[in-house]
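Letters go in sequence order (proteins before strands), and every chain restarts at 1.
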Amino acid sequence: MHRWSELFIPTLREAPADAEVASHKFLVRAGYIRQLAAGIYSYLFLGNRSFNKVSAIVRQEMDRIGQEFYLPALHPRELWEASGRYAIMGENLFRLKDRKGTDMCLGMTEEEVMTSIALKELRSYKQLPQIWYQIAPKFRDEPRPRSGLLRVRQFMMKDSYSFDIDAAGLDVSYKKHYGAYCAIFDRCGLKYMVVEADSGAMGGKESHEFMVRTNAGEDLIVSCDACDYAANLEKATSKLEAVEDLKPEGDGNPLEVHTPGQKTIEEVAKFLGVSPKNKIKTLALMADEVASDNKDTKGKKHSRAIIVLLRGDHQLNEAKLNGTVAAATRPMEEAEIRALFKSPAGYLGPMGIDWSRDLNDVAKPVLLVDKALEGRANLIAGANKEDYHVKNLTPGKDFHPTAYADLRSVTAGEACPNCGKPLRIDTAVEIGHIFKLGYRYSDSMGLRVLDKNGKEVMPIMGCYGIGIERILTAAVEQGNDENGFWLPPSIAPFEVVIAPVNVKDEAVSKAAEDIAKRLEAAGFDVVLDDRDERPGVKFKDADLVGIPFRITVGKRVTEGTVEVVIRSTREVRDVTISAIVDHFHHLLGRAG
RNA sequence: CGGGGCGUAGCGCAGCCUGGUAGCGCACCUGCCUUGGGCGCAGGGGGUCGUAGGUUCAAAUCCUAUCGCCCCGACCA
């Protein structure tokens, strides 16, 4: 039996000064975790217990669809060179040398290791499909670890990888994961949502994220309360209300107007008496394309101009831009702006520049136009001349975009793309991500099997991740008040804490001991707070440490009664001692 | 990596400006007392003031460097 007096549960009255988010404060105060360094945490007794329960649920559900492996965290450089990620991952990849000077790194994910096993062992379509998974530490040298356990440098991840003969097979593996993830998060007692996710520049086709709404989250998700539409802001779209175009002025050809000192969208719109919706916002960006190996080719970089046009009242979504041009961009410097536009910032527009016709044409500047401007007419943009703007601009007629693309960020209140009702935007924590990888690794690492016809084909892959500590963190964020937090019983370190009000009272402590024994015999996870402390101390600790139920054993044992307290609602019930086991069978929905 | 903040006992903080005995609350130990929401009284232990160098008769305090941690941003398969 677990006796609190013998356990190491170092609770704190005050949170460490550098903890800001609720989960961080409470997990430290409750003695679950202690910090070792930035983004690196130790799990103490309670933390580890909870952690193990989460892992066990993940393992059970994953075992229904896949096979568990255990892969090394220490990887040779060559493996990451083979996939091309040694360079791509940059500083986020922990790198080290072994005693012989061989370059090694610590795994951020295990696509390379899994694929290397697959390519050595898989020979035939008959061996497919495969789903391999593991629950193991991952290492990422994050530029800025933060928010306690939310963004850390070492964390436990359930990562799985599927290998299928074709896209239809991948669909099946993907759906199996979708189902398993729902089962896992349901069992962990989380209120989560599944959102369409940005598949990134890696060329994936489909991707969903499992998100828990909390103000501590780092992601922004767009969702519709009226239907099931939900997407990461990086991916979300919306229906726009039609905008009435301006009437053409004069002969309908581009017309310069004098706009002295009017630089911002708002200033110009007000000055000309039009809505920002009839204006073009011109963003001047540069993509610095550094050759793939950043060490040897230092200083040798090729920059190309990327000019983005948006409706005047819209904001650029950098993830979407990234997906379109597959490169990181930065704002142009003043000199670069003058070199291209022959004009100072504030009066930029698309006129008079020879734009690239093709995204792959590196020689000329690229003009990307947001889809919200497609089909619009008589817009107003800068004239590329100080103190002048141009009216009557119609895309496709007066200037020729390199490409139209969805580049803007959705804002709250815009119409849902499915049902037209207003969209909401919330912050959220990503607890899981499923991803159709495609042929990215099969191709780069040379994975081939023979199909029915004896022909070599590339298996298609999927990868799927769950952040174990994020489940715990999200659960704490979801259930806390000023006194502490409560975890769902399935992932709490103990289901019940039994608090005898005075251990020196024989009747009380005997009854508490007896109840603990009976509940434990019935299969409940209980801890007996047998410390010789005042009741207030025990209650405060019980409230703090995340245990969902408390039994208070007080003077009324003489009447055969104790109190059961539900932590989340603070509901208190009198229960007769003889009925206590039945009561918990009922409370926890377990058969007696 | 840019901007900001902070390193003094396990936790929370004061002291630093204006150099001179290192302090408070909580926690901890002993004893008494108390026992339905962090009880009370008495006694006690614990700190190279992040580290290194410098200025000075004297440095937690002033100067320089460095390390670490937190926050905002950039970044985040």
Indicate, with yes or no, if the rings of Tyr178(A) and Phe210(A) have centres closer together than 6.0 Å.
yes

May I ask you to check whether Thr552(A) and Arg550(A) show a side-chain donor-acceptor distance below 3.5 Å?
yes

So Ser147(A), base contact, sugar-phosphate only, or nothing? Heavy-atom distance under 4.0 Å.
sugar-phosphate

Could you state the atom-to-atom distance from NZ of Lys538(A) to C1' of G38(B) in whole Å?
13 Å

Begin with the C-alpha distance, continue with both residues' side-chain angles, and end with the deciding distance and a verdict on salt bridge (charged side-chain N to carboxylate O under 4.0 Å, His left out) for Arg573(A) and Glu563(A).
CA-CA 5 Å; Arg573(A) 305 169 174 179; Glu563(A) 284 167 13; over 6 Å; no

Roughly how many Å apart are C62(B) and C57(B), using the C1' atom of each and rounding to a whole number?
16 Å

Considering only the C1' atoms, how many Å lie between U30(B) and U18(B), rounded to the nearest integer?
43 Å

Scan every strand shown for a Watson-Crick or G-U wobble partner of C62(B), both distances under 3.5 Å, and answer none if you come up empty.
G54(B)

Taking the six-membered ring for Trp, is the centroid-to-centroid distance between Phe494(A) and Phe549(A) below 6.0 Å?
no

Separation of C33(B) P from Asp532(A) CG (nearest whole Å):
13 Å

Check the distance between C75(B)'s P and Asp219(A)'s CG and give it to me in whole angstrom.
14 Å

Lys555(A) atom NZ is separated from U34(B) atom C1', nearest whole Å, by 12 Å

From CZ of Arg151(A) across to P of C72(B) the rounded distance in Å is 12 Å

Nucleotide nearest Gln35(A) (side chain, heavy atoms from C-beta), chosen from G38(B), A74(B), C70(B)
C70(B)

Less than 6.0 Å separating the ring centroids of Trp132(A) and Phe69(A)?
yes

Pairing check on G7(B): which nucleotide meets the Watson-Crick or G-U wobble criteria with it, both distances under 3.5 Å?
C67(B)

Nearest-Å distance, CZ (Phe139(A)) to P (C76(B))?
22 Å

Between G37(B), C39(B), C69(B), which nucleotide has the shortest distance from any of its atoms to the side chain of Arg153(A)?
C69(B)

Grab the CD-C1' distance between Glu218(A) and C75(B) for me, whole Å please.
11 Å

In whole Å, I'd like the distance from the CG atom of Asp141(A) to the P atom of C75(B).
17 Å

Short side-chain N/O contact from Arg85(A) to OP1 or OP2 of A77(B), under 4.0 Å
no

